[in-house]
2 protein chains.
Amino acid sequence: MGVMERVAAPRRKKAARPIVVEAAHIATDTLLRGDCISEMAKLPDNCIDMIFADPPYNLQLGGDLFRPEGGRVDAVDNDWDKFDTLGSYDRFTKSWLREARRILKPNGSIWVIGSYHNIFRVGTALQDEGFWILNDIIWRKSNPMPNFKGTRFTNAHETLIWASQGEDAKYTFNYKAMKTLNDELQMRSDWVLPICGGQERLKRNGTKAHPTQKPEALLYRVMLACTKPGDVVLDPFFGTGTTGAVAKRLGRKWIGIEREDDYIEVALERIEAALPLDESALTIMQTARQQPKVAFGTLVETGYLTPGVLLRDAKRRWQAEVRADGSLLVGTDTGSIHKMGATLQNAPSCNGWTFWHVEVEGKLQPIDTLRQTYLLANEP
Amino acid sequence: MGVMERVAAPRRKKAARPIVVEAAHIATDTLLRGDCISEMAKLPDNCIDMIFADPPYNLQLGGDLFRPEGGRVDAVDNDWDKFDTLGSYDRFTKSWLREARRILKPNGSIWVIGSYHNIFRVGTALQDEGFWILNDIIWRKSNPMPNFKGTRFTNAHETLIWASQGEDAKYTFNYKAMKTLNDELQMRSDWVLPICGGQERLKRNGTKAHPTQKPEALLYRVMLACTKPGDVVLDPFFGTGTTGAVAKRLGRKWIGIEREDDYIEVALERIEAALPLDESALTIMQTARQQPKVAFGTLVETGYLTPGVLLRDAKRRWQAEVRADGSLLVGTDTGSIHKMGATLQNAPSCNGWTFWHVEVEGKLQPIDTLRQTYLLANEP
DNA sequence: TCCAAAACTGAATCGCGAT
DNA sequence: CATCGCGATTCAGTTTTGG
């Protein structure tokens with residue numbers, strides 16, 4: 001099998017799934033003790049909304065099962081050892097990604113974090129398995145460990161990959177919440193966050209409980225961006241349970257998989273102590289897309305606008321008359337608020353809600369404010 | 001052939017090389033016209049000190065993309081960026097990397113730049129061919145193009161991989177120069193630099209000469225870090241010759257390979273005109289752009305403020321609840337700290353950092369002090 | 001000539017639901 | 001599955017235009 005076949009891995013097409021996917025009932029807010037691949041294998045198809053994975057880079061932690069049977073070569077030969085290592089790591093990665101893909105809902109998404117040691121293997125495997133990369137995100141550490149020897153650049157970041165089930169798959173992205181979190185600017189692909197230390201860093205007998213504990217702030221942003229309250233989040237490499245703790249805090253359900261008893265003990269204790277936020281604090285800014293739609297005609301029907309009223313653009317270059325059916329009349333031409341705005345500007349499209357204005361006490365006000373007023377008055 | 005064989009590509013062992021490598025005499029400061037693989041094939045073994053490569057990214061763009069105000073994005077739609085499958089892109093990548101590895105000196109190093117579309121394929125291929133990754137470097141763009149549709153995170157960075165010939169290979173790294181360039185702090189793996197625009201951006205007949213011209217500041221830092229004066233730098237995807245121009249300015253020799261006549265013409269003219277750097281240009285290249293400020297949401301994510309906490313103004317006239325996304329809730333109205341402060345005071349604008357306070361031991365403290373605390377704890 | 005406002009630009013995998 | 005209509009969506013910076 002060559003490169004072509006490798007890339008031709010079975011790809012999940014939207015149409016190949018049932019239109020209505022009934023989520024199987026699964027136990028949530030629970031930790032599964034065992035190997036991530038065999039534990040994922042026990043879960044039904046399409047039951048997870050988001051996966052967050054922090055896989056090991058070191059094959060001693062996860063790869064023994066994947067070493068070729070009897071293929072042990074001369075240990076003196078470094079090249080063969082490397083060959084063994086990269087190949088094993090790739091097979092390990094593909095195996096757990098394949099299970100992850102099966103249990104992830106069609107509109108779910110996956111996050112994987114890694115460093116330059118493994119992230120290129122992971123990214124390639126994600127693409128080969130049919131996942132569709134949406135962004136790569138750089139976690140820029142504000143206080144990284146210096147490079148003591150001075151032989152390279154200070155390794156001051158880690159990379160996360162965010163991917164959907166496929167090119168045409170939908171996915172959850174709370175755009176407005178991210179924009180709000182970033183002082184009203186679009187959230188970028190580089191995130192500046194401190195490493196996990198101080199009180200947050202879990203200790204056991206005075207030493208770090210886990211070598212690569214991730215900061216809760218990182219999971220907080222991931223989960224706030226890509227899940228809704230009540231969603232099920234799976235972490236197949238649970239470690240000390242940062243994913244579980246943040247999920248509980250943010251009102252998401254969680255499933256963790258971990259096989260080291262020491263980590264499990266610390267994780268359960270930690271999550272037990274985590275305090276969930278109350279509902280009003282969990283509410284996030286919604287995009288206009290997520291709000292109920294109001295047709296322009298509704299404003300006319302309900303008397304917010306009277307047929308015959310004149311609308312104007314912001315610069316008073318054009319005017320249009322509102323008709324009883326919610327269409328606009330410009331000269332002899334008629335159409336929707338959007339179509340007429342586009343036609344007049346000779347543009348491919350136009351948002352009529354912000355283009356057209358109505359005169360109130362001598363001042364022009366976009367008709368979108370009328371819609372907001374209507375929504376406020378008519379929403380539960 | 002599976003993953004195992006794929007990884008077993010012929011690899012060059014250090015011991016298989018002569019201890020003393022006599023550099024073959026090659027023509028430098030020259031542009032080779034043609035395909036990068038066949039032109040590299042004409043060069044002798046072990047003749048290049050550093051390779052900088054900016055290969056096609058294999059973007060897979062859909063139809064036209066329009067900006068909110070109506071303009072059309074001038075996308076990369078060149079034939080040189082089109083590949084049929086991931087498999088054919090991988091084969092192309094491995095082919096040019098194999099030649100690159102052959103002509104690179106044992107103690108040379110290679111840089112490759114890419115985005116999430118291709119960089120994981122490139123990184124995997126580098127490792128499979130036997131290169132040893134030293135760092136991945138993040139070019140954080142200070143002025144990236146926004147995500148116009150609000151569907152993902154703003155794609156605000158590109159990734160560079162820096163690799164040596166192997167785990168035990170030596171390589172050039174001018175540690176002190178990098179530290180000096182970075183105000184006596186170790187140079188980190190994330191570099192903030194603006195994209196190439198303004199006067200630097202080369203034009204032909206009023207339009208950009210190349211769709212993906214790289215900024216000279218990026219090459220300046222790469223070359224200053226990893227080459228010595230007189231070293232030979234090869235760029236197999238020369239484009240409009242940024243690598244050549246910077247090499248000339250820094251007293252390095254250069255070889256470029258390019259097959260498009262239009263680019264060649266522009267590149268030669270540009271390099272001809274390139275002068276040794278003057279002080280002002282040096283300052284621009286060395287000065288890191290101002291880091292982004294701390295967003296209010298970051299304080300929420302990192303636990304400096306908990307969602308649900310109440311903020312008050314200095315005179316306790318109003319109060320607001322902090323929500324999970326860093327927005328404030330006052331009555332039924334929501335918005336950023338600045339917007340809500342302005343709304344309540346009926347003012348055109350408001351500095352939320354000084355307007356809002358949090359109660360600590362019975363006393364009100366402006367939230368700006370929390371920001372100061374955060375900065376003190378997390379500055380690099 | 002100068003200043004302010006408007007227009008333009010950058011490696012982009014950029015909507016969604018009804019018919 | 002393609003087509004169509006509704007209507008949501010942008011940041012930092014440079015260059016051009018207009019007064």
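Residue numbers begin at 1 in each chain, while the letters A, B, ... track the order of the sequences. Excluded from the calculations below are hydrogen atoms, water molecules and symmetry mates; all remaining heavy atoms, backbone and side chain alike, are included.
Where A/K315 and B/A75 meet DNA chain C, the nucleotide closest to each residue was compared, and A/K315 sits on the side nearer the 5' end. Looking at which nucleotide of DNA chain C each of B/H210 and B/N147 is closest to, the 5′-most match is held by B/H210.
Comparing D/dT9 with C/dA12, their C1' atoms are spaced 14 Å from each other, to the whole Å. For the P atoms, the distance from C/dT13 to D/dC6 is 29 Å, rounded to whole Å.
Listed pair A/N351 / D/dA8 meets the phosphate criterion, a side-chain N or O lying under 4.0 Å from OP1 or OP2. For C/dG17, the OP1/OP2 oxygens have a side-chain nitrogen or oxygen of A/K170 closer than 4.0 Å.
For D/dT15, its base never sits under 3.5 Å from the side chain of B/R201 at any donor and acceptor pair. Remark: the B/K208 side chain and the C/dA11 base include no donor-acceptor N/O pair separated by less than 3.5 Å. With hydrogens and angles left out, the side chain of A/R371 and the base of D/dG7 share no donor-acceptor pair within 3.5 Å. Evaluation of atom-type donor-acceptor distances gives no pair under 3.5 Å for the side chain of B/S115 against the base of C/dA12.
Ring planes of B/W111 and B/W162: parallel class, angle under 30° (limits at 30 and 60°).
Residue side chain A/W132 meets the stacking definition with respect to C/dT13: its ring centre sits within less than 5.5 angstrom of the base's six-membered ring centre, and the planes differ by less than 30 degrees.
In this structure, B/Q199 reaches the sugar-phosphate backbone alone: every heavy-atom distance under 4.0 Å involves primed, P, OP1 or OP2 atoms, never a base. At a threshold of 4.0 angstrom between heavy atoms, the contacts of B/D54 include nucleobase atoms, whether or not backbone atoms are also involved. Residue contacts for A/I133: at a heavy-atom cut-off of 4.0 Å it reaches a base atom on one of the strands shown.
Counting non-hydrogen atoms of other residues, nucleotides and ligands closer than 6.0 Å to CD of A/Q372 gives a total above 12.
A cation-pi arrangement, defined by a distance under 6.0 Å to the six-membered ring centre and an angle within 45 degrees of its axis, is absent between A/R140 and A/W191.
If you measure from atom CZ of B/F148 to atom C1' of D/dG7, you get 18 Å, rounded to the nearest angstrom.
Between the CD atom in B/E158 and the OH atom in B/Y116 there is a gap of 11.5 Å [rounded to 0.5 Å].
No side-chain donor-acceptor contact under 3.5 Å links A/D313 to the backbone of A/Q319.
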